[in-house]
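To keep things clear, I will list the structure first and then write my remarks on it.
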Amino acid sequence: MRTHIVNFIIKHPRQPSMAVRSKTTSSQYVASRARDPVFEKLMDKFKHLFKVIAIQDLILSNPKNPSVSLDFLSRLSQRLHLNRGATAFLRKYPHIFHIFYDPAKSQPFCRLTDAAMEISCQEAEAINASFPVVVDRLLRLLSMSTTKSLPLRAIFKVWRELGLPDDFEESVIARNSHLFRLCDAHEPNTHVLKLVDGSPSNRFIASVENWRVMECCKQDCSVERVEMRYSFKHGNPPCMKLSKNFRAKIKEWQRLPYVGPYEEIGEKKKSKAGVMALEKRAVAIVHEFLSLTVEKMVEVEKISQFRKWFGIELNIGICSWIIRAYLFVHQGEETYHLSERSI
């Protein structure tokens, strides 16, 4: 087929060229957006933190002898994205990692420094002291699901972001059997975490509601109460200039009613207004999901694991419904920003 098209163009040079429809992918859309240079620089540094935490977990996985050989780390360099090798990466952070030679095993090893070990112990104590908060986060996460259930593998992907202990399956789920129940899934070797019947699932209030109440109570509030009812606090990067027409569309979007993340969605309407309401609900779900995390951020790949369970339509791409919320940035506790460095 392609050969026939080329021959046709050669034989008919005066014919107008065939129009080829270009398709913009979600990654190209993300790359072409206006960026916040401060946040992009932060995310560039944040990537190294993920690598440090991964190596720290390997070291602490052996409580009796918290160390790991450099030979073992070198074999994992590609998986850990250590581009210049494990040894070069460890030497960049001498205040975290200490390299020593073990004469009994005749090879170099790595362990955490005393200061890094002390910080790790403090983090473990903080997690153990926050069990009520952790239980509340799991309840909220399950309550946002349309079936009040989530695959355990998806929760495992965000256990650190949610502030869960690494043994949360025993320390949190098993100890709260009156709230959570693990069930076998249809796939082999997989489990689903469900809310126990009668567990409180409709008493939760989204975090954005707290901001709306505070804004309404302000004396100098310039936003109408009708608009405030469904609006989000929003902002845009300093380098991004919005046209008057686009600002009007944002104002119209702010007034658009939607079903909250903890409310029953009911029948889905296929009209344009119904689709926009579903997209806004997706924005509210991501906003609430981020508010449940410790750092108020999560990788796009990890949050996409919950799309089906949160009732997000498959034709609403993961990047598209996050990008639609890109402008709605809370500069305080709930940062809503999409960086391609974190993808």
Side-chain angles (χ1 to χ4, degrees), residues 46 49-50 52-54 56-58 60-61 63 116-183 185 190-211 260-263 284-307 309-310 330 332-336 342:
F46 214 83
L49 177 61
F50 291 137
V52 169
I53 292 176
Q56 174 187 281
D57 291 342
L58 290 174
L60 297 178
S61 61
M117 183 64 74
E118 182 180 356
I119 293 175
S120 178
C121 293
Q122 292 175 357
E123 290 178 348
E125 293 175 358
I127 291 175
N128 293 331
S130 62
F131 271 105
V133 178
V134 167
V135 172
D136 181 76
R137 286 173 182 165
L138 270 183
L139 286 173
R140 287 175 174 269
L141 206 62
L142 289 168
S143 298
M144 285 194 291
S145 170
T146 56
T147 59
K148 310 305 176 190
S149 60
L150 291 171
L152 192 62
R153 64 173 182 272
I155 300 177
F156 267 116
K157 288 182 177 293
V158 293
W159 70 270
R160 190 183 297 276
E161 286 83 352
L162 294 174
L164 299 174
D166 54 0
D167 62 338
F168 73 91
E169 191 173 352
E170 292 81 17
S171 60
V172 178
I173 297 176
R175 291 182 183 179
N176 294 275
S177 56
H178 61 290
L179 298 174
F180 310 112
R181 183 174 71 250
L182 274 178
C183 305
T190 57
H191 296 84
V192 173
L193 181 63
K194 293 185 177 182
L195 279 179
V196 174
D197 294 338
S199 300
S201 60
N202 55 356
R203 62 177 175 85
F204 297 115
I205 299 176
S207 62
V208 69
E209 295 291 345
N210 299 326
W211 170 78
Y262 298 115
E263 301 175 23
I285 289 176
V286 178
H287 189 280
E288 185 66 13
F289 191 104
L290 293 177
S291 71
L292 298 177
T293 62
V294 177
E295 297 288 345
K296 312 307 176 191
M297 66 174 69
V298 68
E299 296 179 39
V300 173
E301 181 183 356
K302 292 181 179 181
I303 198 174
S304 65
Q305 303 289 325
F306 299 88
R307 182 176 61 180
W309 301 84
F310 288 157
H330 188 168
E333 296 180 352
E334 299 157 13
T335 303
Y336 205 137
S342 61

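Here the structure is a predicted model, which means the values were calculated and not measured.
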For [X] versus [Y], what's the shortest heavy-atom pair and its separation?
| X | Y | result |
| --- | --- | --- |
| G163 | V134 | O-CG2, 3.5 Å |
| I173 | F180 | CG2-CB, 3.9 Å |
| I53 | R160 | CG2-CZ, 3.3 Å |
| R181 | C183 | NE-SG, 3.6 Å |
| L195 | S143 | CD1-OG, 3.9 Å |
| V208 | H287 | CB-CE1, 4.0 Å |

Is there side-chain contact between [X] and [Y], with at least one heavy-atom pair below 4.5 Å?
| X | Y | answer |
| --- | --- | --- |
| F156 | L164 | no |
| Q56 | I119 | no |
| Q305 | L150 | no |
| E118 | Q122 | yes |

I'd like to know if the side chain of [X] and the backbone of [Y] have a donor-acceptor N/O pair within less than 3.5 Å.
| X | Y | value |
| --- | --- | --- |
| E161 | E295 | no |
| S61 | L58 | yes |
| N128 | A124 | yes |

Using the ring of each side chain (for Trp, its six-membered ring), is F204 parallel, tilted or perpendicular to Y262, with breaks at 30° and 60°?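 It falls in the tilted class, 30° to 60°.
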If you measure from [atom1] on [X] to [atom2] on [Y], what distance do you get to the nearest 0.5 Å?
| X | Y | atom1 | atom2 | value |
| --- | --- | --- | --- | --- |
| I285 | L290 | CD1 | CG | 12.0 Å |
| L139 | L179 | CG | CG | 5.5 Å |
| W159 | I127 | CH2 | CD1 | 6.5 Å |
| F306 | F289 | CZ | CZ | 4.5 Å |
| W309 | L142 | CH2 | CG | 10.5 Å |
| K157 | I303 | NZ | CD1 | 13.5 Å |

Kindly check if the number of other-residue, nucleotide or ligand heavy atoms within 6.0 Å of CG (L182) is above 12?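 Buried by this count: over 12 neighbours within 6.0 Å.
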Under the side-chain hydrogen bond (donor to acceptor under 3.5 Å, both in side chains) rule, collect the residues that match up with [X], sequence neighbours excluded.
| X | answer |
| --- | --- |
| R137 | none |
| T293 | none |
| E209 | R212 |

